[in-house]
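Written out below as structure tokens is the structure these notes cover.
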Amino acid sequence: MTEWLLSGGRFLAVSGAGSGSDARVRPVFRWSKIQGALTGVLAGRVWRLSQTDTHILYQVIGQVDNQPLPSRPGRKKQKRKSNTPIEPNNGVVEKKIKSEEKADTKEQPKMMTQAMTSNTKVTKIKTEDGEEITLKTEDGLAEKNIEVSILRDYFQLDVKLTDLYEQWCKDDPHFKQVSPNFTGIRMLRQDPVENLFSFICSSNNHISRISGMVERLCEAYSARLCEVCGVTYYAFPTVSALAGRGVEERLRKLGFGYRARYISETAQYIMEQGGESWLYNLKTLPYEEAKAELIKLSGVGAKVADCVCLMSMDKTGAIPVDTHVWQIVNRDYKHKLGTTKTLTDKTYKEIGDFFRQLWGPYAGWAHSVLFAADLRKFQELKTSTEKKVDTKKSVKKKKSR
DNA sequence: ACAGGACCTCGACA
DNA sequence: ATGTCGAGGTCCT
């Protein structure tokens with residue numbers, strides 16, 4: 001049995017953890033679990049995702065309205081009509097993608113734009129009943145090819161995870177001890193705009209509230225939406241929309257607190273730099289430089305900048321040190337590092353450098369494995385102390401230390 | 001360079 | 001029924 005965890009913008013595929021199985025999918029930010037499948041918006045489409053041990057299963061069940069978004073990679077003109085509810089599991093063939101293919105020519109992770117345009121190749125997909133079909137880029141099949149490309153890009157399936165795990169186990173005894181129950185954990189390649197503003201919301205905050213805030217942000221400022229099976233899905237707002245007048249005031253009324261100003265100021269700053277394309281272009285900079293640019297943004301410190309670098313700028317060595325990672329360090333790696341009472345800038349950098357040296361160029365990916373393990377412990381602890389509480393809503397409570 | 005405190009909000013907990 | 005605490009940080013002294 002395989003399960004998925006979604007955490008703070010990290011999409012975690014966890015296989016065969018075995019124990020008790022009280023662990024469950026945790027929908028965070030913009031993916032939620034509906035009828036057993038993760039449902040959310042990606043690249044202008046509404047998806048349902050699930051997985052087996054070997055395949056990712058997906059359905060595209062809707063599309064958000066197409067509005068001009070010239071600067072954002074991965075957006076293409078959509079022809080399918082929106083607002084058309086499609087019944088899941090009803091006449092729609094679930095498609096599978098092999099989780100890890102070896103035949104790819106390039107080692108480098110592909111960017112969305114490249115994946116979208118390199119559709120000249122033939123793609124093989126296994127259907128649910130095991131039949132293998134071949135898709136070419138022509139007529140109606142082109143769209144399916146694009147869908148596959150989007151998911152391959154999102155899950156970064158060209159990254160050979162097993163090789164990386166092997167290396168990390170070899171170099172780090174503690175990783176070797178912890179990782180077997182947490183295989184298959186990949187970093188998602190997320191959209192920089194969405195990622196950035198979501199993590200600005202995360203400061204001094206807890207996950208359940210962040211999710212609500214991001215949702216309200218979309219409802220208030222996205223013009224692109226569609227409804228599927230009674231649920232409304234939004235594209236993420238444009239930076240331009242968030243840079244408008246009165247944004248801070250409105251967001252404060254929506255419960256964003258002091259982060260309202262961060263969002264407004266950051267959006268305005270990005271527009272001054274030339275808009276979303278400026279943000280996307282940070283991908284082309286080396287890690288340190290991209291991070292330095294991000295830290296200039298209001299409400300963006302070292303941690304949020306590293307989240308953006310790792311999850312949406314292809315900086316695979318970025319290590320976001322949040323309270324969880326700080327705990328992990330102090331518990332499991334303390335002997336390797338100098339100790340400070342609080343997380344200072346200097347210590348922050350030392351931790352990142354230490355792990356990059358230990359784990360290599362994909363250190364950020366390795367760190368998320370330990371993060372996932374820690375999260376699991378946290379959840380098990382929580383659920384075991386919470387047995388009597390039985391609410392209908394999926395309340396995510398945080399247990400304080 | 002480091003420590004300390006404020007900051008919005010809202011469930012847990014006492 | 002109220003009061004305090006702290007949450008996947010950032011910013012300012």
Side-chain angles (χ1 to χ4, degrees), chain A residues 5-12 26-30 187-188 190 195-217 247-266 269 291-292 294-311 318-330 338-352 364 367-379 381-383 385-389 391 393-401:
Chain A
L5 292 170
L6 205 64
S7 169
R10 291 163 231 219
F11 194 98
L12 312 173
R26 276 183 89 87
V28 180
F29 295 176
R30 303 203 66 212
M187 199 56 56
L188 295 178
Q190 299 179 86
N195 205 225
L196 170 64
F197 285 97
S198 296
F199 273 104
I200 286 176
C201 294
S202 77
S203 79
N204 193 25
N205 205 348
H206 51 265
I207 309 261
S208 58
R209 186 151 84 105
I210 300 165
S211 302
M213 286 163 62
V214 173
E215 201 55 40
R216 291 197 292 281
L217 191 69
V247 168
E248 176 180 353
E249 190 182 24
R250 187 169 177 195
L251 289 181
R252 279 202 176 255
K253 283 180 185 158
L254 289 173
F256 281 66
Y258 55 82
R259 302 165 198 86
R261 181 169 58 86
Y262 293 161
I263 290 170
S264 173
E265 286 179 353
T266 288
Y269 180 88
K291 181 176 176 180
L294 288 168
I295 284 179
K296 292 178 185 171
L297 302 173
S298 176
V300 179
K303 189 266 177 179
V304 170
D306 273 330
C307 283
V308 175
C309 280
L310 176 63
M311 301 172 194
I319 309 264
V321 183
D322 59 16
T323 52
H324 282 277
V325 175
W326 178 237
Q327 272 186 302
I328 291 170
V329 167
N330 281 296
T339 53
T340 48
K341 276 209 163 61
T342 57
L343 186 54
T344 64
D345 288 348
K346 192 181 166 195
T347 312
Y348 187 106
K349 189 171 188 336
E350 279 174 5
I351 291 171
H367 120 283
S368 79
V369 175
L370 294 190
F371 188 95
D374 217 55
L375 184 72
R376 171 61 54 79
K377 263 187 223 164
F378 187 70
Q379 272 189 21
L381 186 70
K382 184 168 70 92
T383 51
T385 59
E386 236 177 44
K387 279 213 170 137
K388 7 180 161 175
V389 185
T391 49
K393 293 189 249 176
S394 70
V395 184
K396 284 170 291 241
K397 280 158 278 199
K398 305 300 281 190
K399 179 117 182 110
S400 44
R401 291 171 269 154

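Each chain gets a letter, A, B and so on, in the order its sequence line appears, and its residues count up from 1.
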Return the value, rounded to whole Å, for the distance between atom [atom1] of [X] and atom [atom2] of [N].
{"X": "A:E249", "N": "B:dC8", "atom1": "CD", "atom2": "C1'", "answer": "16 Å"}
{"X": "A:I210", "N": "C:dG9", "atom1": "CD1", "atom2": "C1'", "answer": "10 Å"}
{"X": "A:R216", "N": "B:dT9", "atom1": "CZ", "atom2": "C1'", "answer": "10 Å"}
{"X": "A:K296", "N": "C:dC11", "atom1": "NZ", "atom2": "P", "answer": "14 Å"}
{"X": "A:R209", "N": "B:dG11", "atom1": "CZ", "atom2": "C1'", "answer": "11 Å"}
{"X": "A:H206", "N": "B:dC10", "atom1": "NE2", "atom2": "P", "answer": "9 Å"}
{"X": "A:E265", "N": "B:dC7", "atom1": "CD", "atom2": "P", "answer": "17 Å"}
{"X": "A:L251", "N": "B:dC7", "atom1": "CG", "atom2": "C1'", "answer": "16 Å"}

DNA chain B-proximal residues of residues 256-263 of chain A, any heavy atom under 4.0 Å: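 Listed by number, they are A:G257, A:Y258, A:R259.
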Could you list the residues that satisfy side chain to side chain donor-acceptor pair (under 3.5 Å) with A:K296, not counting sequence neighbours?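 Scan of A:K296 (side chain to side chain donor-acceptor pair (under 3.5 Å), adjacent residues dropped) gives A:E293.
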Could you list the residues that satisfy side chain to side chain donor-acceptor pair (under 3.5 Å) with A:T347, not counting sequence neighbours?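 Expected list: A:T340, A:T344.
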Is the backbone of A:T266 close enough, under 3.5 Å, to the side chain of A:S298 for a donor and an acceptor to pair up by distance?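 Absent.
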So does A:F256 get a backbone contact from the side chain of A:R216, meaning a donor-acceptor N/O pair under 3.5 Å?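 Absent.
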Just grab all the salt bridge (Lys or Arg N to Asp or Glu O under 4.0 Å) pairs involving residues 253-266 of chain A, residues at least two apart or on different chains.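 Listed once each, the pairs are A:R261-A:E265.
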A:D306 and A:K291, any side-chain heavy atoms less than 4.5 Å apart: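 Yes; the side chains approach each other to less than 4.5 Å.
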Counterpart residues, side chain to side chain contact (heavy atoms under 4.5 Å, CB included), relative to A:N330 (two or more places apart):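 So A:N330 forms a side chain to side chain contact (heavy atoms under 4.5 Å, CB included) with A:W326, A:K334.
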Who passes side chain to side chain contact (heavy atoms under 4.5 Å, CB included) against A:V247, sequence neighbours left out?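 Side chain to side chain contact (heavy atoms under 4.5 Å, CB included) list for A:V247, sorted by chain: A:Y221, A:L251, A:S264.
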Between the protein and nucleotides 1-6 of chain B, list the N/O to N/O atom pairs that are separated by less than 3.5 angstrom.
from: B:dA3; atom 1: OP2; to: A:T342; atom 2: OG1; distance (Å): 2.9

List for me each residue that meets salt bridge (charged side-chain N to carboxylate O under 4.0 Å, His left out) alongside A:R252, sequence neighbours excluded, and say none if there are none.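 A:R252 satisfies salt bridge (charged side-chain N to carboxylate O under 4.0 Å, His left out) with A:E248 only.
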Residues that A:K349 engages under salt bridge (charged side-chain N to carboxylate O under 4.0 Å, His left out), provided they are two or more places apart: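 With neighbours one apart ignored, the set is A:D353.
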Using the [atom1] atoms only, state how far [M] lies from [N], rounded to an integer number of Å.
{"N": "B:dG5", "M": "C:dC5", "atom1": "C1'", "result": "15 Å"}
{"N": "B:dT9", "M": "C:dA1", "atom1": "P", "result": "23 Å"}
{"N": "C:dT13", "M": "B:dC8", "atom1": "P", "result": "15 Å"}
{"N": "C:dG6", "M": "B:dG4", "atom1": "P", "result": "15 Å"}

Touch class at under 4.0 angstrom, heavy-atom based, for A:L297 against every strand present: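 Here A:L297 touches the backbone only, sparing every base.
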Who are the ring-ring contact (aromatic ring centres under 6.0 Å, His included) partners of A:F197, not counting sequence neighbours?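 Scan of A:F197 (ring-ring contact (aromatic ring centres under 6.0 Å, His included), adjacent residues dropped) gives none.
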All stems with DNA chain C, defined as three or more consecutive Watson-Crick or G-U pairs under 3.5 Å: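 When the pairs of DNA chain C are grouped into runs of at least three, the stems are B:3-7 with C:9-13, B:9-14 with C:2-7.
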Please check if atom CD in A:E215 has more than 12 non-hydrogen atoms from other residues, nucleotides or ligands closer than 6.0 Å.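 Count over threshold, so yes.
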